[in-house]
Amino acid sequence: MSEPTIYSDTFGLFGVNTDVVLVGVEEDHARRVTDLLKAELEQLEREISRSNPSSFVLKTDHSPKDKWIKCSPDFFDVLLLCSDFYEMSNGAFDITMGPLAALWSSSEEVSEEEVLAVKQCCGFDKVELDPEHLRFRFLEEGMQLDFSFIELAYALDLLKPLLKDEGVENAIVNFEERAVLALGHHPVGEAWPIGIRNMQDPHEFLQFFEMKDSACISDGTVFLREDAEGMQERVLVNPESGDVLEGVKTVSVKTGAATMGAFLARVWLILPENDKSILADQLRDIEIFEAEYLEDDIRTKLTILNGEEEDE
């Protein structure tokens, strides 16, 4: 029995490298499918990604208070999704925290007064949506939207049905291990083994997810540098307090819908344990792996949302 053909391609979008691997697809068709994926991703990047200097989302920054902004159906779909996640998390998932993150990034010392002042232009409850006319408006001056912690997951959820419509049964799409979609079978196995790296030693893996027709989304107060030779800190803000999240923590979520994974990865970094438990009771068929990097140890926890929980 001959080995299946493997086609791969790498390109840059959303400020990261995108790796696509298609298994058992004839080369000409694989090239066409990859071109189709690129076109879909490029269109989405032009709409919602702050890494694209000419994107629509950047043009909406600091729009005047109460001015209606007309947008595309795709852009509005992402807004609606983020609105749902904002409500589900009681405000922990909030795409309007950019001004606060910028404040903390610009200075080592930030006063309570500065935080309170900038918080006036943050909060998704200050974004009004008009589904009938596909438009939205800011209810405060100086507001902006940042989809960076959901855009890769949203992209994967767009690509999943597209790949299946093109007859691709076995494939993997990988955004620098921050967001991974695995379809069907690994070329030499039943599932795709997706590893979660030790941020202190990237050659070591702390956890493996066995994935088939599912996505793995990772978030955290740090991420691997582009050369994979160490950690790079990220400024993540708690929407309720306006303060920076403390500690070195990462969360990786295996789930069927990538956007749900992005939602859970972010709120698991923010919510207290009691709120996590309440949310977890509403979810099934999801695995959440947490890693907290202490001074001389790594504390990990695997939560399987089928009723079982395991501490490592």
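One is the number of the first residue; the rest follow in order along the sequence.
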Is it possible for you to say whether [X] and [Y] belong to one hydrophobic cluster, with membership spreading through side-chain heavy-atom contacts below 4.5 Å?
| X | Y | answer |
| --- | --- | --- |
| Leu269 | Trp104 | no |
| Val244 | Val248 | no |
| Phe56 | Trp68 | no |
| Leu245 | Val118 | no |
| Phe85 | Phe76 | yes |

Output yes when a side-chain donor or acceptor of [X] lies under 3.5 Å from a complementary backbone atom of [Y], and no otherwise.
| X | Y | answer |
| --- | --- | --- |
| Lys301 | Glu292 | no |
| Asp157 | Thr259 | yes |
| Lys276 | Trp268 | yes |
| Ser214 | Met211 | no |
| Ser277 | Glu273 | yes |
| Ser55 | Ser49 | yes |
| His185 | Val23 | no |
| Glu176 | Arg178 | no |

For this session: Any chance you could lay out the side-chain contact (heavy atoms from CB on, under 4.5 Å) test for Thr96 and Lys126, step after step, and finish with the verdict?
Result: CA-CA 9 Å; Thr96 70; Lys126 300 168 186 172; over 6 Å; no

Quick one: does [X]'s side chain get under 4.5 Å of [Y]'s, heavy atoms only?
| X | Y | result |
| --- | --- | --- |
| Tyr86 | Ile95 | no |
| Ile150 | Phe263 | no |
| Val16 | Ser51 | no |
| Leu294 | Arg299 | yes |
| Leu79 | Phe124 | yes |
| Glu26 | Thr5 | no |
| Ser218 | Thr250 | no |
| Ile217 | Leu264 | no |

Pairwise distance [atom1]([X]) to [atom2]([Y]) - rounded to 0.5 angstrom:
| X | Y | atom1 | atom2 | answer |
| --- | --- | --- | --- | --- |
| Leu103 | Met97 | CG | CE | 12.0 Å |
| Leu271 | Arg266 | CG | CZ | 11.5 Å |
| Leu206 | Leu302 | CG | CG | 12.0 Å |
| Leu129 | Phe136 | CG | CZ | 8.5 Å |
| Leu305 | Lys254 | CG | NZ | 12.0 Å |
| Asn198 | Tyr293 | CG | OH | 4.5 Å |

Give a yes or no on whether [X] atom [atom1] has more than 12 heavy-atom contacts from other residues, nucleotides or ligands under 6.0 Å away.
| X | atom1 | result |
| --- | --- | --- |
| Glu169 | CD | no |
| Glu240 | CD | no |
| Glu233 | CD | no |

Exercise. Among side-chain atoms of Glu47 and Ser72, is any donor-acceptor pair under 3.5 angstrom?
Worked result: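 Result is yes, a qualifying pair exists.
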
For this session: Check whether the side chains of Asp9 and Thr34 place a donor and an acceptor atom closer than 3.5 Å, and report yes or no.
Result: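 Per modelled atom types, Asp9 and Thr34 side chains form no pair under 3.5 Å.
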
Exercise. Under a 4.0 Å N-O cut-off, is there an ion pair linking Asp61 with Arg50?
Worked result: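 A salt bridge links Asp61 with Arg50.
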
So, for [X] and [Y], which heavy atoms are closest and what is the spacing to 0.1 Å?
| X | Y | answer |
| --- | --- | --- |
| Ser105 | Val235 | OG-CG2, 3.4 Å |
| Leu152 | Ala179 | CB-CB, 3.7 Å |
| Gly256 | Lys160 | O-NZ, 3.4 Å |
| Asp213 | Gly184 | OD1-N, 3.1 Å |
| Asn52 | Leu58 | O-CD1, 3.3 Å |
| Trp192 | Asn170 | CZ2-C, 4.5 Å |

Problem set entry | Val168: which of Leu37, Val20, Leu162, Val25 passes side chain to side chain contact (heavy atoms under 4.5 Å, CB included) |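 Result: among Leu37, Val20, Leu162, Val25, Val25 is the only option passing the side chain to side chain contact (heavy atoms under 4.5 Å, CB included) with Val168.
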
Problem set entry | Aromatic ring pairing Phe208/Phe205, orientation class (parallel under 30°, perpendicular over 60°, tilted between) |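 If you compare the ring of Phe208 with that of Phe205, the planes turn out tilted.
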
Exercise. Aromatic rings Phe175 and Phe14: how do their planes relate, parallel, tilted or perpendicular, breaks at 30° and 60°?
Worked result: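 Geometry flag for Phe14 against Phe175: perpendicular rings.
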
Problem set entry | CA sep, side-chain torsions, deciding dist, call: Phe223, Arg234, side-chain contact (heavy atoms from CB on, under 4.5 Å) | CA-CA 7 Å; Phe223 59 91; Arg234 305 173 67 198; 2.8 Å; yes

For this session: Let me see the working for Glu166 and Leu36 under side-chain contact (heavy atoms from CB on, under 4.5 Å), right down to the final yes or no.
Result: CA-CA 10 Å; Glu166 291 296 321; Leu36 193 61; 3.7 Å; yes

Problem set entry | side-chain contact (heavy atoms from CB on, under 4.5 Å) between Leu145 and Phe138, worked out | CA-CA 10 Å; Leu145 303 172; Phe138 298 132; 4.0 Å; yes

Exercise. Do the two ring centres, one from Phe147 and one from Tyr154, sit under 6.0 Å apart?
Worked result: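 Distance test on ring centres: not under 6.0 Å, no.
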
Exercise. Can Arg137 and Glu128 be said to form a salt bridge (charged side-chain N to carboxylate O under 4.0 Å, His left out), step by step?
Worked result: CA-CA 5 Å; Arg137 63 179 175 178; Glu128 183 177 352; 2.9 Å; yes

